[in-house]
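Notes to accompany the following structure.
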Amino acid sequence: MSVDGYIDDAAPERLRLSSAADFDRVDAVRAGCDAILVGAGTVRADDPKLLIRSQARRERRASRGLPPDLTKVTLTWSGDLDPGARFFTTGESPKLVYAPSGTAAELAGRLDGLGEVVDAGEPLELPVVLADLSARGVRRLMVEGGGAIHTLFLTSGLADELQLVVAPFFVGDPSAPRFVRSGVFPQSPERPMRLAEITRIGDLALLRYLAGERV
Ligand SMILES: NC(=O)c1ccc[n+]([C@@H]2O[C@H](COP(=O)([O-])OP(=O)(O)OC[C@H]3O[C@@H](n4cnc5c(N)ncnc54)[C@H](OP(=O)(O)O)[C@@H]3O)[C@@H](O)[C@H]2O)c1
């Protein structure tokens with residue numbers, strides 16, 4: 001995020017907040033996870049591939065009997081997802097879409113096998129999604145945004161760790177997306193997170209917090 005808490009600007013192209021060194025660090029974190037989750041808003045706005053970029057890391061995973069790519073996961077209420085999105089068209093690992101009952105069948109028909117649509121009930125609740133992922137063998141889930149999804153995980157108290165990277169500039173536009181939206185966060189002044197690490201990455205700062213109930 002920017003110093004003033006934004007994770008993008010309001011322009012259609014994606015704002016680059018990280019440096020090459022931080023993208024590489026993120027790639028290493030991805031390589032240590034089983035699955036990666038972004039909200040449908042990020043799939044629509046950024047069209048991310050969500051793959052592990054480093055060939056060496058992909059090979060190391062393969063040598064440990066792991067698939068080279070992570071299982072990709074997204075959440076949608078509306079079902080507004082394009083089958084041509086790179087979320088669906090890149091990588092060999094499973095692509096899971098959690099949708100409420102009213103949306104799931106129509107979306108499954110439209111995706112036509114490009115991804116598995118999981119009917120997560122009505123309303124769709126995060127514990128149901130996480131229990132299903134756990135039953136599929138996902139032990140470490142990386143959540144990469146955007147703001148609505150960060151807010152959902154943090155307000156639910158279901159994130160164990162928060163890695164916050166601060167870019168050395170301001171966005172200053174209230175119509176741009178923020179790191180989190182408003183909500184009731186259990187990580188309050190009375191119950192703050194623990195700061196586990198501060199690392200300098202050039203002019204960026206990585207703050208790693210322990211955020212979960214089990215801290
Ligand atoms: N700087 C960074 O590190 C970073 C990382 C990722 C994204 N971003 C930026 O973040 C922005 C997108 O953020 P965003 O907040 O608009 O979108 P988002 O958090 O990626 O996705 C929000 C969407 O997720 C779905 N969703 C959320 N909670 C749900 C629930 N309980 N059940 C079912 N579906 C649920 C809904 O999809 P439907 O609308 O389909 O119903 C909702 O609109 C973009 O500008 C992107 O560039 C920045």
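Model, not experiment: these values are computed from the prediction. Counting starts at 1 for both ligands and their atoms, in listed order.
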Report the residues that fulfil side chain to side chain donor-acceptor pair (under 3.5 Å) with Ser188, sequence neighbours left out, ordered by chain and then residue number. Glu190

Are side-chain heavy atoms of Glu116 and Val118 found at a separation under 4.5 Å? yes

N or O contacts of ligand 1 with protein under 3.5 Å, please list pair by pair.
unit_1   : atom_1 : unit_2 : atom_2 : d
ligand 1 : 1 (N)  : Ile7   : O      : 3.0
ligand 1 : 15 (O) : Gly147 : N      : 3.3
ligand 1 : 15 (O) : Ala148 : N      : 2.9
ligand 1 : 15 (O) : Arg181 : NH2    : 2.8
ligand 1 : 16 (O) : Arg181 : NH2    : 3.3
ligand 1 : 19 (O) : Gly146 : N      : 3.2
ligand 1 : 19 (O) : Gly146 : O      : 3.4
ligand 1 : 19 (O) : Ala148 : N      : 3.1
ligand 1 : 19 (O) : Ile149 : N      : 3.0
ligand 1 : 20 (O) : Thr42  : N      : 2.9
ligand 1 : 20 (O) : Thr42  : OG1    : 2.6
ligand 1 : 20 (O) : Gly146 : N      : 2.9
ligand 1 : 21 (O) : Gly41  : N      : 3.1
ligand 1 : 32 (N) : Trp77  : NE1    : 3.2
ligand 1 : 34 (N) : Thr76  : N      : 3.4
ligand 1 : 34 (N) : Trp77  : N      : 3.2
ligand 1 : 39 (O) : Arg44  : NH2    : 2.7
ligand 1 : 40 (O) : Arg44  : NH1    : 2.9
ligand 1 : 40 (O) : Thr76  : OG1    : 2.6
ligand 1 : 40 (O) : Ser78  : OG     : 2.8
ligand 1 : 41 (O) : Trp77  : N      : 2.8
ligand 1 : 41 (O) : Ser78  : N      : 2.8
ligand 1 : 41 (O) : Ser78  : OG     : 3.3
ligand 1 : 45 (O) : Asp8   : OD2    : 2.7
ligand 1 : 47 (O) : Asp8   : OD2    : 2.9
ligand 1 : 47 (O) : Asp46  : OD1    : 2.8
ligand 1 : 47 (O) : Asp46  : OD2    : 2.9

Distance-only donor-acceptor check, side chains Tyr98 and Asp132, under 3.5 Å: yes

Taking only residues two or more places apart in sequence, or in another chain, which ones meet Asp47 in a salt bridge (Lys or Arg N to Asp or Glu O under 4.0 Å)? Arg86

Taking the side chain as every heavy atom from C-beta outward, state whether Leu207 and Glu197 have any pair of such atoms under 4.5 Å apart. no

Sequence neighbours excluded, every pair satisfying side-chain hydrogen bond (donor to acceptor under 3.5 Å, both in side chains) that has a member inside residues 88-97: Lys72-Thr90

